[in-house]
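Below is one structure; the comments refer to it alone.
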Amino acid sequence: MTFEEFVTATAGRLLRTAVFLVYDRHLAEDLLQVAYERVAKRWKRVSRDNPEAYTRKVLVNLAIDERKRRARRGDMPVGMPTDVERAAGAPAVPGGPDGELDEVLRSLPAKQRAVVVLRYWCDLNEQEIAETLGISRGTVKSHTARAMAALRAHMGQEGGAHGR
């Protein structure tokens with residue numbers, strides 16, 4: 001497979017992953033471009049193994065670094081995952097247009113959000129997530145547990161508010 005074929009085959013999936021990681025379509029496109037540039041420089045080596053996994057790892061690390069930079073600068077993200085879904089012609093994201101799920105995902109710390117996106121959006125197992133993020137499986141489990149507790153707490157609060 002050539003690099004161009006690889007980009008064509010993976011661009012949609014990786015862009016949606018990036019948007020879920022940073023909640024800013026334009027920034028997601030920029031991060032994906034940087035990730036592809038880095039992969040292109042190492043294509044000969046990367047293409048022998050699993051280029052999508054390698055690119056996803058680069059993308060996740062770029063997103064985490066960007067989130068840290070944004071926290072220091074106080075930037076506001078623009079665009080929502082539903083914008084990318086609409087542009088890609090994909091079905092709406094569960095919890096979609098009203099943004100409840102988006103809001104709680106956006107509020108998670110960067111690594112917790114990355115674990116949730118990699119697990120439930122990219123369908124990676126714990127070992128693959130650990131390798132992607134450069135953390136242990138135990139850390140993946142604890143990030144997942146904390147993120148899911150936050151999601152359950154948010155949904156419980158929302159359910160309680162709607163039930164009144």
Item to check | Residues which pass side chain to side chain donor-acceptor pair (under 3.5 Å) with Thr10, listed by chain and number, not counting sequence neighbours | outcome: Tyr36

Checklist entry - Nearest heavy-atom pair of Val46 and Pro51: which atoms, and what distance? => result CG1-CA, 3.6 Å

Item to check | All side chain to side chain donor-acceptor pair (under 3.5 Å) counterparts of Glu4, not counting sequence neighbours | outcome: none

Item to check | Atom pair CG/OG1 of Leu118 and Thr17 - distance to nearest 0.5 Å | outcome: 7.5 Å

Item to check | Short side-chain to backbone donor-acceptor contact, Glu128 and Asn125, under 3.5 Å | outcome: yes

Checklist entry - Between Leu124 and Thr132, which heavy-atom pair has the shortest distance, and what is it? => result CD1-OG1, 4.0 Å

Next on the checklist: Determine whether Phe6 and Thr55 satisfy the following criterion, side chain to side chain contact (heavy atoms under 4.5 Å, CB included), listing intermediate values before the conclusion.
Outcome noted: CA-CA 10 Å; Phe6 168 72; Thr55 307; 3.3 Å; yes

Checklist entry - For Asp30, what residues pass the side-chain contact (heavy atoms from CB on, under 4.5 Å) criterion, not counting sequence neighbours? => result none

Checklist entry - Taking all atoms of both residues into account, what is the closest heavy-atom pair of Ala11 and Leu32, and its distance? => result O-CD2, 3.9 Å

Checklist outcome for this item: With sequence neighbours left out, the residues meeting ring pair (Phe, Tyr, Trp, His ring centres under 6.0 Å) with Phe3 are Trp43

Item to check | Inter- and intrachain pairs under salt bridge (Lys or Arg N to Asp or Glu O under 4.0 Å), touching residues 34-58, at least two apart | outcome: Arg13-Glu52, Glu52-Arg56

Next on the checklist: Test: side chain to side chain donor-acceptor pair (under 3.5 Å). Region: residues 133-143. Which pairs qualify, not counting sequence neighbours?
Outcome noted: Glu126-Arg137, Ser136-Thr139

Item to check | With Ala63 via side-chain contact (heavy atoms from CB on, under 4.5 Å) - residues at least two apart | outcome: Leu21, Val22, Leu31

Checklist entry - Would you say the side-chain atoms of Arg119 pair up with the backbone N or O of Ile129, donor to acceptor, closer than 3.5 Å? => result no

Checklist entry - Hey, are the side chains of Thr144 and Met148 touching, using non-hydrogen atoms and a 4.5 Å cut-off? => result yes

Next on the checklist: If only side-chain N and O atoms count, and only distance matters, is there a donor-acceptor pair under 3.5 Å linking Glu131 with Gln127?
Outcome noted: yes

Next on the checklist: I need the Glu29 CD to Leu14 CG distance, nearest 0.5 Å.
Outcome noted: 13.0 Å

Checklist entry - Does any pair with a residue in residues 46-67 pass ring pair (Phe, Tyr, Trp, His ring centres under 6.0 Å), and if so which ones, sequence neighbours excluded? => result none

Item to check | Interatomic distance, Ile64 atom CD1 to Leu133 atom CG [nearest 0.5 angstrom] | outcome: 5.0 Å

